[in-house]
Amino acid sequence: MEQHYDDTFLARWLSNKLTSEELQEFENSKDFIKYSQIVEMLDTAQVDNFDVENNLQATLEKLNSTIESKKKKVIPLWSYAAAASVALLFFVYSFFFTEATTIYTTQLAEQNNFELPDGSLVNLNAGSKLSFEKSDWKNNRSLDLEGEAYFRVEKGSTFAVNTKDGQVTVLGTQFIVNSRDNYYNVVCYEGRVQVVTANNDSIVLTKGKAFSISKSVKQEYQIDDIEPSWINHISSFKETSIELVLSEIERQFGITIKGKENVKTSLFTGSFSHKDIKLALQTVFTAMEIKYSIEASGDVVIEKH
């Protein structure tokens, strides 16, 4: 069960002011281990450019200034230490947990390009999330991905991309990984990658080779492109489920397509530009003989046959 604490709980814990019942409940919770580790790091950490004594003193002085401005309102002495402890605990948590984990996200109709600590380059497609431990990157080039990304990896130690559908490992190459609901796709544009699925199936892909899983159906195929088209704001498909194509339209334009249940199961081959929603809809829907209308909000409604 999730624990809920009031605003003074951590301060009272740090100052040994919890009741025996509160302390017992806290020690039996999952949170106790996490906060105990933070306090342990506080005792041993050596953080550059952070003067603990001076910052504690500044915190106390600020508290004192606030008290003076309120006509010397009397506050118990333990409150000073508790407030200072909480401020320091917040810094340690922020430094070790926020700074260590780097997270990149993209919203609908958005892409993000960035460089990893080793110089490897990443293009993150719309509606995606990527995270990694920056502090240990030199020894562990491993990322967690939700969505789709294109990687151009610098040579070095093993580079791993982890998703809910499987893991892709390389030494230095160019490839994409796409892991979304009911769809997993890996394409190798240069070098060699190894794919290990969540079911422990292992596939090795070389330049021009690709592997996908759509609704539990596995497929190996070839490509002719030298890079993914979506980094140039064009989504391309080859014998792809129309459901996935519609989801990509929603993602790239930030709209909702209603009435998907009215679309017959079929495969789409073609592409659409991310720059013009009306042209994209016409390109896909006309080719698939899908009747639709556009609402004032910009959302799309697929009509029943």
Looking only at side chains, do T197 and D165 share a donor and an acceptor under 3.5 Å apart? no

Show the nearest heavy-atom pair for residues I242 and M288, with the distance to one decimal. CD1-CG, 3.9 Å

If only side-chain N and O atoms count, and only distance matters, is there a donor-acceptor pair under 3.5 Å linking S128 with E148? no

Could you tell me which non-hydrogen atom of E110 sits nearest to which non-hydrogen atom of T105, and how far apart they are? OE1-O, 4.3 Å

Side-chain heavy atoms under 4.5 angstrom apart, residues restricted to Ile, Leu, Val, Met, Phe, Trp, Tyr: same cluster for L124 and V161? yes

Under the side-chain hydrogen bond (donor to acceptor under 3.5 Å, both in side chains) test, residues paired with D201 that sit two or more places apart: K218

Hphob cluster co-occupancy, Y104 + F175, side-chain heavy atoms under 4.5 angstrom: yes

What are the two closest heavy atoms between T163 and L145, and how far apart are they? CG2-O, 3.7 Å

Using distance alone, with no hydrogens and no angle criterion, decide if N112 and T106 have a side-chain donor and acceptor under 3.5 Å apart. no

Contacts of type ring pair (Phe, Tyr, Trp, His ring centres under 6.0 Å), residue Y189, not counting sequence neighbours: Y150

Passing candidate, side-chain hydrogen bond (donor to acceptor under 3.5 Å, both in side chains) with N125, options R180, Q252, R251: Q252

According to a 4.5 Å side-chain heavy-atom criterion applied to Ile, Leu, Val, Met, Phe, Trp and Tyr, with indirect links allowed, do I231 and I223 form part of one hydrophobic cluster? yes

Which atom pair, heavy atoms only, marks the closest approach of I302 to K260? CD1-CA, 4.3 Å

Kindly check if the number of other-residue, nucleotide or ligand heavy atoms within 6.0 Å of CD (E303) is above 12? yes

Does CD in Q222 sit with more than 12 non-hydrogen atoms of other residues, nucleotides or ligands closer than 6.0 Å? no

For V153 versus S120, what's the shortest heavy-atom pair and its separation? CA-OG, 3.5 Å

Check whether L244 and F268 end up in the same hydrophobic cluster, where Ile, Leu, Val, Met, Phe, Trp and Tyr are linked by side-chain heavy atoms less than 4.5 Å apart. no

Output for pair (T158 OG1, Q194 CD), nearest 0.5 Å, gives 9.5 Å

Do you know which two heavy atoms are closest between F211 and E220, and how far apart they sit? CD1-CG, 3.8 Å

If I take atom CG from residue D225 and atom OG from residue S236, how far apart are they, to the nearest 0.5 angstrom? 6.5 Å

Using 30° and 60° as the class boundaries, would you call the ring planes of F285 and Y292 parallel, tilted or perpendicular? perpendicular

Over 12 non-hydrogen atoms of neighbours within 6.0 angstrom of NZ in K164: yes

Report the distance from atom NZ of K291 to atom OG1 of T286, rounding to the nearest 0.5 Å. 12.0 Å

